[in-house]
Amino acid sequence: MRKLLLTSLVVSALCALVPVSAHASEGKEYPLPNVEWSFEGPFGTYDRAALQRGYAVYRQVCSACHSMKRVSFRNLSALGYTPDQIKSVAGEYTYQDGPNDEGEMFERPGRPSDHFKSPFANDKAAMAANGGALPPDLSLITKAREGGADYVFGILTGYGAAPSDVTVLEGQYFNKHMAGHVIKMPPPLTAGAVTYEDGSPQSVEQYAKDVATFLTWAAEPELEQRKQMGFKVLLFLGIFAAIMYAVKRKIWAKVH
Ligand code: HEC
């Protein structure tokens, strides 16, 4: 009996390990691109122009399938938009609200306090429209996936012809960086699809980089403050250590 229990424990432990090791070997086959991000490093900051372009890409392309339920229009002030601009962007969407005094639900234009409007009423509707695959909410995607912004960039630029050892069924696409190398998201980006007003290249790589920057900001809007605070703390500790050293020398100066 004991032996049986032990064997089943070992077997289930091994089973638990299998997907992990499979995933690790995938990483080696197609390493994630190592993009240079403005928000990396101890003094990293978000590039406001890239954030605005990334929001344009999300809005014009990704928001057809992916919700971002945790972000509201007023959060866009961090991208450099004025309250009036935010109001007019929100007003372009229609929201259901209510019930009113007659007990009826009604439609109204969006307000800055509204969260981004989801493209589908619920997950089932989203899956039905996407060949059974759920487009994940993108609010926290850069935190939810190993590789973060590099991973999002990798997925968006990782399409191509499938090698012979990967079977791609109808409604699936080969993607280097998706687990299992097949994804049910059709390649969302094509060059020229989103018009940039600032003269940045309208290429798939640039779109992917900008939208990954935007999604990183959405998942971590406090990144700049966090890094600044870290620097201040280090500065304080440095000065404090210097003072304490001077005090120590003074106190011990008379003792020989
Ligand atoms: C036509 C609908 C559609 C559009 C447009 C679209 N996606 Fe997707 N996306 C999907 C679906 C469906 C999945 C789930 C795929 C799967 O599980 O095979 C997905 C998955 C993803 C994933 C997650 C992969 C994972 O690790 O699970 C990311 C990241 C992503 N999309 C980003 C984007 C971005 C960024 C855009 C805009 C540039 C975008 N998508 C546009 C439908 C779409």
Side-chain angles (χ1 to χ4, degrees), residues 19-20 22-24 26-27 29-33 35 37 39 46-47 50-71 76 79 93 116-160 162 166-196 200-220:
V20 174
H23 196 254
E26 272 158 27
E29 206 179 332
Y30 297 110
L32 273 184
V35 182
W37 304 102
F39 48 82
Y46 289 122
D47 170 350
L51 286 179
Q52 293 200 5
R53 293 194 302 269
Y55 174 52
V57 174
Y58 169 73
R59 208 174 147 203
Q60 291 174 43
V61 183
C62 323
S63 72
C65 301
H66 291 276
S67 60
M68 283 188 81
K69 290 186 188 152
R70 286 168 181 266
V71 183
L76 293 173
L79 275 56
Y93 297 86
F116 285 3
K117 189 165 177 174
S118 301
F120 301 104
N122 51 58
D123 285 357
K124 290 241 169 83
M127 286 166 77
N130 284 283
L134 180 69
D137 184 274
L138 293 183
S139 313
L140 294 173
I141 196 78
T142 60
K143 290 244 169 206
R145 295 288 186 276
E146 208 183 320
D150 284 338
Y151 175 75
V152 171
F153 178 89
I155 288 281
L156 296 175
T157 56
Y159 291 92
V166 178
T167 321
V168 180
L169 304 175
E170 209 188 317
Q172 296 185 332
Y173 305 84
F174 173 74
N175 191 303
K176 277 192 247 176
H177 302 296
M178 185 69 179
H181 303 321
V182 286
I183 192 165
K184 284 192 167 175
M185 167 167 73
L189 297 172
T190 45
V194 179
T195 306
Y196 280 164
S200 298
Q202 299 182 165
S203 62
V204 170
E205 279 74 27
Q206 188 68 42
Y207 291 153
K209 202 175 167 192
D210 292 341
V211 80
T213 303
F214 172 71
L215 294 176
T216 305
W217 165 78
E220 211 185 343

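We count residues from 1, following the sequence as given. Numbering of ligands and ligand atoms starts at 1, following listing order.
Every pair tested for side-chain hydrogen bond (donor to acceptor under 3.5 Å, both in side chains) that includes a residue from residues 121-133 fails, sequence neighbours excluded, so the list is empty.
Between His181 and Phe174, the ring planes are tilted. Angles from 30° to 60° get that label.
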Between ligand 1 and the protein, which N/O pairs fall short of 3.5 Å?
| from | atom 1 | to | atom 2 | distance (Å) |
| --- | --- | --- | --- | --- |
| ligand 1 | 7 (N) | His66 | NE2 | 2.8 |
| ligand 1 | 9 (N) | His66 | NE2 | 2.8 |
| ligand 1 | 18 (O) | Lys184 | N | 2.8 |
| ligand 1 | 26 (O) | Arg145 | NE | 2.7 |
| ligand 1 | 26 (O) | Tyr151 | OH | 2.4 |
| ligand 1 | 27 (O) | Arg145 | NH2 | 3.0 |
| ligand 1 | 31 (N) | His66 | NE2 | 2.8 |
| ligand 1 | 40 (N) | His66 | NE2 | 2.8 |

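Side-chain atoms of Val57 and Leu189, non-hydrogen and from C-beta on, do get closer than 4.5 Å to each other. Counting heavy atoms from C-beta outward, Ile141 and His66 have side chains that stay 4.5 Å or more apart.
In this structure Phe39 satisfies the ring-ring contact (aromatic ring centres under 6.0 Å, His included) test together with Trp37, Tyr46, sequence neighbours excluded. Remark: Tyr55 pairs with Phe116, Phe214 by the ring-ring contact (aromatic ring centres under 6.0 Å, His included) rule, at least two apart or across chains.
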